[in-house]
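Heavy atoms only: backbone and side chains are in, while hydrogens, waters and symmetry mates are out. Each chain gets a letter, A, B and so on, in the order its sequence line appears, and its residues count up from 1.
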Amino acid sequence: MELVRDPLLDAVTGLASARDEITVCTIVRKAARALTGADGVTFVLREGNHCYYADEDAIAPLWKGRRFPLETCISGWAMLNKTFTVVPDIYLDERIPQDVYRATFVKSLAMVPVRREDPIGAIGAYWARPHAATPDEVGVLQSLADAAALALHNVQLDADLKEALRQERQARTSAEDASRLKDDFLALLSHELRTPLHVINNWLWQLKQSKDNSVGMLARALDVIERNTALQSRLVDDLLDVSRAAAGKLSIDSKLVDLGAACVAAVEIAQPAAREKNLVLELVRAEHPRVWGDPERLQQVLWNVLSNAIKFSAPDGRVEVSVTRDGSRAVIEVRDHGAGVATEFLPHMFDRFRQGEMGMTRRQGGLGLGLTIVRELMTLHGGTATAESAGPKQGTTIRLEFAVADEPQAHSEVLGQALRGKPPVH
Amino acid sequence: MTQTKVLVAEDYDDARDVMALVLESAGFQVIEARDGVEALDAARTLRPSVIVMDMFMPNMDGLAATRALRDEPSLRRIPVIAQTAQPSVVSGARELFDAVLAKPCSPEILIRTICDVLGR
């Protein structure tokens with residue numbers, strides 16, 4: 001017995017294993033023409049309120065790649081009405097946009113929806129002569145459309161599955177990254193806590209061991225022990241602040257604060273650290289906007305930003321501080337000309353546990369929590385902290401922005417002058 | 001008898017100062033280096049009997065400096081004691097060192113370890 005190949009069966013088999021839209025389109029257009037003997041076929045997909053002529057196979061070009069509103073187009077009609085239609089003579093049917101057809105060979109057509117219950121597309125068959133498609137032709141076209149609907153559904157499922165897998169992989173990678181950052185941080189924390197402890201232990205042993213400690217030796221020991229104890233206290237304070245912030249338990253006690261005066265004080269406090277590196281630390285501009293803030297916490301913010309700028313400056317460099325009022329915003333900028341930050345690291349400057357990635361050595365010291373605390377405190381103040389840098393070795397500017405406290409302009413001006421210690425000019 | 005020379009490589013000034021003091025009190029002659037590069041130079045020119053090496057140092061860290069020492073025939077027999085606040089750094093290269101001490105480390109243990117590696 002001769003084996004007769006059934007083109008519809010071939011198409012359905014091919015569609016069942018299709019895993020992408022292009023394969024579905026290709027099978028449909030080839031099979032649709034072979035099955036109907038039409039002079040051309042189109043495969044149309046619905047995109048919102050438009051028909052998209054995704055693919056075609058015809059004796060002369062039709063509309064591949066073009067989009068038409070659903071209402072102006074016979075494929076749209078088939079989709080909106082969820083049923084097939086046969087047009088024996090396109091020039092006698094008012095649903096046909098004749099201008100669009102005049103440039104083509106088409107004289108008659110049949111159109112079936114893809115996925116009958118809720119159409120996602122349509123398949124069109126076209127003839128170069130007036131022809132009323134037979135029920136058999138329409139039937140086989142509709143069977144093909146049904147198989148295509150199933151195939152497109154499979155393609156979508158397959159894409160969804162791949163996307164879900166991709167998201168799962170991504171989530172796993174970022175969890176692993178977070179865990180690695182945490183491990184690095186714990187190693188750094190252990191190092192930073194052990195180092196001052198080592199110094200203190202050694203000094204205590206030395207003092208106990210030595211028969212007669214001179215006054216000079218005692219003073220030297222006390223100085224070192226004090227410094228290293230302070231270092232450890234700061235580490236512990238920073239850790240507590242970060243863990244309080246993570247638990248949402250960090251709070252501030254707000255008063256009206258003159259930001260200019262706050263910066264004068266902060267620069268004064270940071271001068272010894274700057275001098276140690278032979279840096280010029282200068283308040284280049286000090287306006288006096290008033291903001292609601294916690295004076296101690298604001299000093300902590302300023303110290304963290306200033307000590308960071310000092311830490312990352314090369315010896316003999318400059319750190320410039322300015323306080324200005326910009327409309328309803330008060331702005332503090334701290335600019336250094338030191339290590340700078342790679343563009344890709346900028347968004348992570350204020351994140352926890354990220355110091356390790358900056359290639360730190362013990363010389364910088366610390367846990368890298370300073371800017372994390374700055375951001376948390378600025379948020380509590382209703383402000384923002386941002387960083388700018390043109391890149392490595394290009395310096396860094398940290399910008400703190402606050403809302404200026406509401407008050408009458410005149411009052412603020414008088415107060416500002418009083419704080420500057422200058423008489424008003426008449 | 002001449003004093004035993006101990007090279008202390010440590011970048012943190014406070015730590016290096018007090019270790020020098022402690023070791024001098026214990027009767028050693030102390031040579032100081034602030035990073036791996038200085039440590040290598042001092043090892044070549046001053047021939048210490050033993051080296052106490054910090055790991056986390058700028059320019060050249062303690063691990064790299066010790067590897068370089070082990071590569072130099074005239075220096076490879078000098079005992080090296082790793083003294084680090086991050087002992088995990090050493091775990092992959094334990095065979096490079098004659099002893100590993102974790103900070104904080106009491107001076108007694110350091111002194112006893114120095115004597116041990118010198119075979120006294």
Could you verify whether a donor N or O on one side chain and an acceptor N or O on the other, from A/Asn201 and A/His198, lie under 3.5 Å apart? no
When you compare the side chains of B/Tyr12 and B/Asp17, does any donor N or O come within less than 3.5 Å of an acceptor on the partner? no
Check each atom of A/Trp203 against the heavy atoms of chain B and say whether the ones under 4.5 Å are side chain, backbone, both or neither. both
Top contributor to chain A interface from B/Ala15, B/Ala102, B/Ala85 [non-hydrogen pairs under 4.5 Å]: B/Ala85
Shortest non-hydrogen contact from B/Ala42 toward B/Ile31: CB-CG2, 4.2 Å
Sort out for me which of B/Pro104, B/Ser106, B/Ser88 touches chain A most, counting heavy-atom pairs under 4.5 Å. B/Pro104
Have B/Ser25 and A/Gln209 got a donor and an acceptor in their side chains that come within less than 3.5 Å? no
